[in-house]
Student: 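Got a structure for you, questions after.
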Amino acid sequence: MPDTNDRVRAVAWVDDMLHLLDQRYLPAREDTLVISDCRAAAEAIRDMVVRGAPAIGITAAYAAVLAARARFSADGDGWRAGFEQDLADLGQARPTAVNLGWAVRCMREKAAGLSGDPVPALLELARGIHEEDIQANRRMGELGAQFIAPGSGVLTHCNTGSLATGGYGTALGVIRSAWAAGKLDAVFADETRPWLQGARLTAWELVRDGIPVTLLVDGAAAHLMKQGRVQWVIVGSDRIAANGDVANKIGTYSAAVAARHHGVKFMVVAPSSTVDMAIASGADIPIEMRAPEEVLGCGGQPVAAAGAQAWNPAFDVTPAALVDVIVTERGVVEQPDLAKMTAMMK
Ligand code: MRU
């Protein structure tokens with residue numbers, strides 16, 4: 001059961017259905033979307049009902065169960081062809097978070113060895129992926145918090161908490177653990193335009209946990225660092241390349257550049273399912289481009305001058321050289337490079 005520092009579940013399997021807490025409307029409304037088929041799950045990922053790399057992967061695992069159930073019930077022993085098609089479509093829902101492709105691959109490999117009704121074994125695997133993610137986050141919380149000296153201030157970007165994962169969170173898990181250990185004087189969160197994951201989601205999680213949080217506009221981060229108010233920037237990741245380059249929410253790279261300039265340390269926290277050893281460097285990580293309307297408006301209201309265009313990359317890549325430490329559940333890599341990443345992922 002979630003403890004006092006982990007009360008939220010973004011993804012749940014309830015009564016043979018996939019339940020997603022609809023993150024588009026938080027914190028104003030806590031709506032749950034009940035999903036019964038794989039296509040609706042893919043749409044939910046695309047539309048940001050569920051977001052955050054690990055939560056997307058877990059959703060995909062449960063979506064594969066829904067696909068198998070529908071195909072087995074419609075086609076009996078001929079279920080595999082339709083199932084494969086469903087998984088291929090699901091895998092396209094969002095391009096940057098490698099956890100999506102990773103979860104689809106795990107489910108496909110499991111399915112290949114099954115005969116008869118595939119649902120019980122696939123559901124067991126999906127539940128296992130979900131549970132392991134929570135355990136990994138707990139472990140990373142401990143590992144990451146060890147780097148933080150008592151009396152520190154930290155800055156985080158986007159949302160990497162229970163809402164973005166199976167539970168507890170990656171970067172936010174480290175912040176939760178460091179807070180529980182009495183090490184933190186202040187937690188700052190970038191609001192994270194254009195979806196405001198920091199203002200809407202990170203602040204919501206931390207307030208519920210009773211952890212004081214101070215929001216700032218993304219452009220204020222360098223000024224905060226200059227004032228010496230934070231010792232660590234702590235972020236998650238959507239994909240980490242073999243050389244330690246890190247893709248994460250747009251604005252992470254700016255925070256890393258500013259951190260290095262001001263002598264602030266930069267920590268990336270992500271489960272090993274986010275590490276993509278098949279990709280040599282960040283240059284090869286696909287960056288999702290989203291609709292211009294997300295930038296031209298805010299909360300559904302147009303804000304930009306009519307006629308203006310917008311450029312809306314959802315992620316950026318921080319070079320390994322700007323990363324002080326990568327924390328995974330397998331261990332910690334300081335000053336990441338190919339050799340150290342390879343050793344950790346072996
Ligand atoms: O577009 P989003 O909200 O899915 O982006 C999420 C992030 O960039 C997170 O930092 C990342 O997925 C890690 S979540 C533990």
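Count residues from 1 along the sequence. Just follow the structure's listing: the first ligand is 1, and inside any ligand the first atom is 1.
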Student: A cation-pi test, strictly: NZ or CZ of R138 under 6.0 Å from the centre of the six-membered ring of Y168 and no more than 45 degrees from its axis. Yes or no?
Tutor: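 Satisfied, under 6.0 Å and within 45°.
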Student: Looking only at protein heavy atoms, identify the closest one to atom 8 (O) of ligand 1 and say how far it is in Å.
Tutor: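 The answer is D238 OD1, 2.9 Å.
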Student: Please check if atom CZ in R39 has more than 12 non-hydrogen atoms from other residues, nucleotides or ligands closer than 6.0 Å.
Tutor: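 Not buried by this count: 12 neighbours or fewer within 6.0 Å.
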Student: Less than 3.5 Å between some nitrogen or oxygen of N159 and one of ligand 1, yes or no?
Tutor: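 In this structure, N159 places no N or O atom under 3.5 Å from an N or O of ligand 1.
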Student: Consider only side-chain N and O atoms of E131 and Q135, and report whether a donor and an acceptor are under 3.5 Å apart.
Tutor: yes
Student: If we only consider heavy atoms of F315, is any one of them less than 4.0 Å away from an atom in ligand 1?
Tutor: yes
Student: Less than 3.5 Å between some nitrogen or oxygen of A53 and one of ligand 1, yes or no?
Tutor: yes
Student: Just need the protein heavy atom nearest to atom 14 (S) of ligand 1, so name the residue and atom and give the distance.
Tutor: A164 CB, 3.6 Å
Student: Among T252, L196, N248, T96, which one puts a heavy atom closest to atom 10 (O) of ligand 1?
Tutor: N248
Student: In this structure, are over 12 heavy atoms from other groups packed under 6.0 Å from F72 atom CZ?
Tutor: yes
Student: Give the contacting part of R94 toward ligand 1: side chain, backbone, both or neither, where contact means a heavy-atom distance below 4.0 Å.
Tutor: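 Near ligand 1, R94 shows its side chain, while the N, CA, C and O stay back.
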Student: Could you check R51 against E288 for salt bridge (charged side-chain N to carboxylate O under 4.0 Å, His left out), going step by step and ending with a plain yes or no?
Tutor: CA-CA 13 Å; R51 29 66 49 200; E288 177 183 10; over 6 Å; no
Student: Check for me whether H157 has a heavy atom closer than 4.0 Å to any atom of ligand 1.
Tutor: no
Student: Give the residue and atom name of whichever protein heavy atom lies nearest to atom 5 (O) of ligand 1, and the separation in Å to one decimal.
Tutor: K249 CE, 3.3 Å
Student: Can you tell me if S237 has a non-hydrogen atom under 4.0 Å from ligand 1?
Tutor: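 It does; at least one heavy atom falls under 4.0 Å.
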Student: Mark up the atoms of ligand 1 that fall under 4.0 Å of a heavy atom belonging to M48, in ascending order.
Tutor: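 Near M48, meaning under 4.0 Å from one of its heavy atoms, ligand 1 has 1 (O), 3 (O).
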Student: Are there over 12 heavy-atom neighbours, none belonging to K183, within less than 6.0 Å of that residue's NZ?
Tutor: yes
Student: Should you measure from each heavy atom of T165, which atoms of ligand 1 turn up under 4.0 Å away?
Tutor: 15 (C)
Student: So that I can tick it off, tell me whether R176 and E205 are bridged by a salt bridge, with the cut-off set at under 4.0 angstrom between side-chain N and carboxylate O.
Tutor: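 Looking at E205 and R176, the cut-off is met.
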Student: Considering the heavy atoms of Q197, write down every atom of ligand 1 situated less than 4.0 Å from one of them.
Tutor: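 Listed by number with element, the hits are 1 (O), 2 (P), 3 (O).
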Student: Would you check whether P54 reaches within less than 4.0 Å of ligand 1, judged by its heavy atoms?
Tutor: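 Contact present.
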Student: Is the backbone of W195 close enough, under 3.5 Å, to the side chain of R200 for a donor and an acceptor to pair up by distance?
Tutor: yes
Student: Are R193 and D218 within salt-bridge range, i.e. N to O under 4.0 Å?
Tutor: no
Student: Which protein non-hydrogen atom lies closest to atom 15 (C) of ligand 1, naming both residue and atom, and how far is it?
Tutor: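 Of every protein heavy atom, T170 OG1, 3.1 Å lies nearest to atom 15 (C) of ligand 1.
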Student: Under 3.5 Å, is there a donor-acceptor pair linking the side chains of S237 and N248?
Tutor: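 No donor-acceptor contact under 3.5 Å links the two side chains.
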